[in-house]
Each structure stands twice: as C-alpha cells, then as structure tokens.
Novice: 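My structure is below; once you've seen it, I'll send some questions.
Reminder, nothing fancy here: chain letters follow the sequence lines and each chain counts from 1. These numbers come from a predicted model, not from an experiment.
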2 protein chains.
Amino acid sequence: MTATNRSRTSASEATTAIRLDARRLPSEKARSDKHQAITQAASEMFLAEGFDGVTLDQIAQRAGVSKQTIYSHFSDKQGLFRAICTELTERLTIPLRKSVARGDLRSTLTRLGEDALAMMLHPASLDLHRLVMSAALRFPELGQAAYEAGAERLVGDLSTLLLQRSQMGDGLREPIDEKRARILAEQFIGMLRGFHQLRGLLAIEPLPATDRSAYVAACVDLLLRGA
Amino acid sequence: MTATNRSRTSASEATTAIRLDARRLPSEKARSDKHQAITQAASEMFLAEGFDGVTLDQIAQRAGVSKQTIYSHFSDKQGLFRAICTELTERLTIPLRKSVARGDLRSTLTRLGEDALAMMLHPASLDLHRLVMSAALRFPELGQAAYEAGAERLVGDLSTLLLQRSQMGDGLREPIDEKRARILAEQFIGMLRGFHQLRGLLAIEPLPATDRSAYVAACVDLLLRGA
DNA sequence: ATCAAACTGGACTGGTGAGTCTAAGCTAAA
DNA sequence: TTTAGCTTAGACTCACCAGTCCAGTTTGAT
C-alpha cells in the first residue's frame, strides 16, 4: 500500500545506451526490455518494503513478467537485490558535481551545501539509505559500496575543492594540507546533515525549506569562520 | 550466529523496583522473571537479526520459555517488538548527562563530545539505530520516540548548556539567543558524528580511537572559533 | 516456413513461521 | 489437600514464499 503511489520515478528508458535500429533480435532488444521492467519494478518495491517485505511473485506481477523470466535474468532473490542496490547506488550519487567550482568560496559552498542536502533528503535517497543500512549485516559489500559512492566521494570532492581554494588563497584564513582538508570536509558535510536526514530516515515530517536554507547558510558561516 | 556472543548485557534484574520479600506470589516474582528473560532474549535477537530475521520459537528457546508464555506476556510479535524498542530506546539514551557542566566551555564540550561520539558508536546503539530505522516505515511511533529520546534530547541539552554559558560570558564570542543555540548545538552534534556513525551502521571497520579523539578536538575548535 | 530462444502461466515442492490448542506439571495460597 | 493461576512441550492449522518444472505460445532470425 505504501509502494503504489511512488510508481513513476522516470527511469524507464534512460539507462541503456544504444537506441538506434531498435526492433532487432530478441536477444538484445527484448532482453533489455524485460530486464528494465524487472529492475524498475523491483527497485520500487524493495525501496518501499525492504528485502523481506517483497515477494518475487509481486515483482513479477508489477513488472508484467513471469516469475521464470526473473530467474532467467537473475540468479535468485539475493542476486536481484544486489543488482538493484548496486544500480541505485550509482544512479543516485552522480548528479552532485555540477554545482562545483564557480564563484567565490562562500557561494560555492552554499550552492554545494544546498544541493547536497536536497539530495540527502530526496525520498529515493532516504529509501535507499534505509534499505542498504538494514541490509548491511547481510550484504556487507553493499554497505561498503554505498559508503564509497556516497559519503566517501562527497567528502573527497569537497576536500579537493577546499585544498585548491586554499592554494589559490581564496576564502580560507590559513593554508591547509590534505589531511586538514578532509577533516574540514567531513565536518561540513556532517553538520550540514545535522538531523535533517535522520528525521527523514525515521519517517518524521521534515522542516520547511526556508529553515533549511538558513541552516545551510549557518553551516557555511561556521566553516568559513573556523577554517 | 552473530547474536550468540553479545549475550551478557547486564540488565537481568535492574528494571523492576520492588525487591523486598522477594519469594511471594507467582503473579509478581515469577511473572517478572519470565518477562525479563523474554525481553532480554528478544532484545539480543532483534538487534542482531532484525524484525523479520527472528522467529518467536527462537526467542522462546533462548529465553528458556515456552512460546505460549510469550503470548501470555505480549499480544503478538509486533507488540513484543514495540516493547523491546521502547525499552531499549530509553535505556540507551540516559547515560550522557553526567559529563555536563564542569570546567570551562572547551573542556566541557570536549568531554561531552567524546562521550556522545562513543555512545553513538557503541555496538548496541548502532544495532538499535539500524533496527529502528529499518522498522520506521512499519512502526512510525518508534521512529518518533527514538528521535525524541536520542537526537532531540541531546540537542536540547547541549543548546541549554550553550545558552547558559553564553549568559555567563564564558567562551562564546558573541551573545546568543535560544534559536541560535539550537542551531549551534545541531551543528556540533552533526559534525561530531561526521561519517563515523554511518560507517558503523554500514558495518564498515571503524577508525582507531586516536583519530577519533583528534577529530573531536577539531570539532570543538571549529565551534568555538565560529560561535 | 521453420527453428531456436525467450517467454508465459500455472501447478508443484519443500520448507517456514505466526498464532492456537491441549493435556499435563508446577507453585503458592487458603 | 485443594484450588487456581501460570507454565510447558509439542502438536496443529493455515498461510506464505523461494525456487523448480513443464507444456504451450510468442517472436524474430534464416
């Protein structure tokens, strides 16, 4: 019942690359069609109900596919789950880089902070976070992968940015080395999250966006004053 | 298999209040004994395996109790789960206050920060966090309760502390009001967590304690420079 | 037209788990 | 001793589910 109203997430055909001369052999076109339908349906359902909350019959039905077809594309339920998580992990962590590196440090940090926070609070991101976390003991590789693609990459990017700006003499009080840059980055992302993300993960009503904006500004402030 | 080596958490008899003339009617002594055994066993297993990963037969066996007895103490599996979570939520959030309010602001914050971080990284706390989070969609009250008992209370306490110190003219650059105190508190706790807790939740090896200590110091620094 | 691969639907197996029931055992109060 | 309430072991119901099997159908290539 929770899952039904989250259906359209607009990932129906954006993933596979080749689209020229579509109607050809079944071993490519049809295969990827069914494959898509399955991963799409499975994503929605796993995100909404968790690994144990979903049956393969439900997935088959929603994907408009027979159960046998699922087993011809994936080894078993766990294999499907792993594939879903891996794909979602990557798809959900890319779109942040665009906000980097224009303007002075303050405005760059503000923009990056707002984008990052918005992404962390996006329903799909919260669902994935919850999913991976609750599966982390059973599927440790997934936890590791999600950490690297999410937190680790974000901190890495930000700390690179800070280091560059420091060398350019832009915005920071004192020169910093790489280690210090990483600490600052982690502090910034950490304080940015605050408890907003936690509230989302615990299914508590979020604060209004205006408060969020002010909070981001306060975080930029605190960082720039101290770094 | 994961659960077996976490057995002794020393909560066997600390909860019920009356202890005078112990051996009386079975409806009090025996009842609370069994009750204890059940909640103890259920806690360990739910924390380690999650709601769906545990069967009532397993709980009964580990508690040394018949399944029927469980049903005479709790309405059903969900009722047991709710009770467990509620109890754990409260038990795991109390022991922080002791570190408050001695010494100057810097050392107070340092002590509080180290205690808070240690608590957030404690295995039991991580397990509970993971558990409540993965159950938050099915049991929203539990998420709400955990938030209030954990994050909300911590931020509240810290912001009260900051406000008091500000009025005493101790350590802060400029006077702050209550709203600002809350923001600072949330920033501090947020940056303190950094990604340490996330790593724990995702079952990734934690950093050595010395790094943690340095990180806490850096957080105190950043806060005091900017506040 | 023919063929092979992919797909379908539905039946089936084997196993599991929540919750119920029963007949007997224990303990403490009267 | 009797009684009443709690407990126990284990059998039992009923539903669900992962994974398999199969007989028949579609689909696109040759």
Novice: If each of V54(A) and S66(B) is mapped to the nucleotide of DNA chain D with the nearest heavy atom, which maps nearer the 5' terminus, i.e. the 5' end?
Specialist: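 Per heavy-atom nearest nucleotide, the more 5' residue is S66(B).
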Novice: Between atom CD1 in I70(B) and atom C1' in dA9(D), what is the gap in whole Å?
Specialist: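 Computing the I70(B):CD1 to dA9(D):C1' distance gives 14 Å.
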Novice: Starting at atom CD of Q61(A), determine the distance to atom C1' of dG9(C), rounded to an integer number of angstrom.
Specialist: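 Those two atoms, CD and C1', are 12 Å apart.
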Novice: Does T55(B) place a side-chain N or O at less than 4.0 Å from the phosphate oxygens OP1/OP2 of dT16(C)?
Specialist: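 No, because none of the side-chain N or O atoms of T55(B) sits under 4.0 Å from OP1 or OP2 of dT16(C).
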Novice: Over how many whole Å does the gap from M45(A) atom CE to dC17(D) atom P extend?
Specialist: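 Rounded to whole Å, this separation is 10 Å.
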Novice: Looking at L80(B), V65(B), T39(B), which hits side-chain contact (heavy atoms from CB on, under 4.5 Å) with I59(B)?
Specialist: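 That would be L80(B).
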Novice: Do the side chains of R182(B) and E186(B) get close enough for a salt bridge, i.e. N-O under 4.0 angstrom?
Specialist: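 A salt bridge is absent here (no side-chain N lies under 4.0 Å from a carboxylate O).
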Novice: Tell me what G64(B) touches on the nucleic acid: a base, only sugar-phosphate, or nothing, going by heavy atoms under 4.0 Å.
Specialist: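 Touches sugar-phosphate only.
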Novice: Distance-only, no hydrogens or angles: does the S213(B) side chain make a donor-acceptor pair with backbone N or O of T210(B) under 3.5 Å?
Specialist: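 Not a single qualifying donor-acceptor pair exists.
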Novice: I'd like a list of close polar pairs between nucleotides 19-21 of chain C and the protein, N/O only, cut-off under 3.5 Å.
Specialist:
{"residue": "dG19(C)", "atom": "OP2", "partner": "Y71(B)", "partner atom": "OH", "Å": "3.0"}
{"residue": "dG19(C)", "atom": "OP2", "partner": "K77(B)", "partner atom": "N", "Å": "3.2"}
{"residue": "dG19(C)", "atom": "O5'", "partner": "Y71(B)", "partner atom": "OH", "Å": "3.3"}
{"residue": "dG19(C)", "atom": "N7", "partner": "K67(B)", "partner atom": "NZ", "Å": "2.9"}
{"residue": "dG19(C)", "atom": "O6", "partner": "K67(B)", "partner atom": "NZ", "Å": "2.7"}
{"residue": "dC21(C)", "atom": "N4", "partner": "Q68(B)", "partner atom": "NE2", "Å": "2.5"}

Novice: So does S72(B) get a side-chain nitrogen or oxygen closer than 4.0 Å to the phosphate oxygens (OP1/OP2) of dT7(D)?
Specialist: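 Indeed, a polar side-chain atom of S72(B) lies that close.
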Novice: With the threshold set at 4.0 Å, does a side-chain nitrogen-carboxylate oxygen contact exist between E44(B) and R62(B)?
Specialist: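 Answer for the salt bridge query: yes.
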Novice: Kindly state each residue pair satisfying side chain to side chain donor-acceptor pair (under 3.5 Å) with at least one member in residues 132-141 of chain A, sequence neighbours excluded.
Specialist: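 Non-adjacent pairs meeting side chain to side chain donor-acceptor pair (under 3.5 Å): D52(A)-R138(A), R82(A)-E141(A).
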Novice: Take R193(B) and R193(A) through the test side-chain contact (heavy atoms from CB on, under 4.5 Å) and record every step on the way to the result.
Specialist: CA-CA 10 Å; R193(B) 272 197 309 172; R193(A) 272 198 308 172; 4.0 Å; yes
Novice: Does dC6(D) have OP1 or OP2 sitting under 4.0 Å from an N or O in the side chain of H73(B)?
Specialist: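 Looking at the OP1 and OP2 atoms of dC6(D), neither is under 4.0 Å from any side-chain N or O of H73(B).
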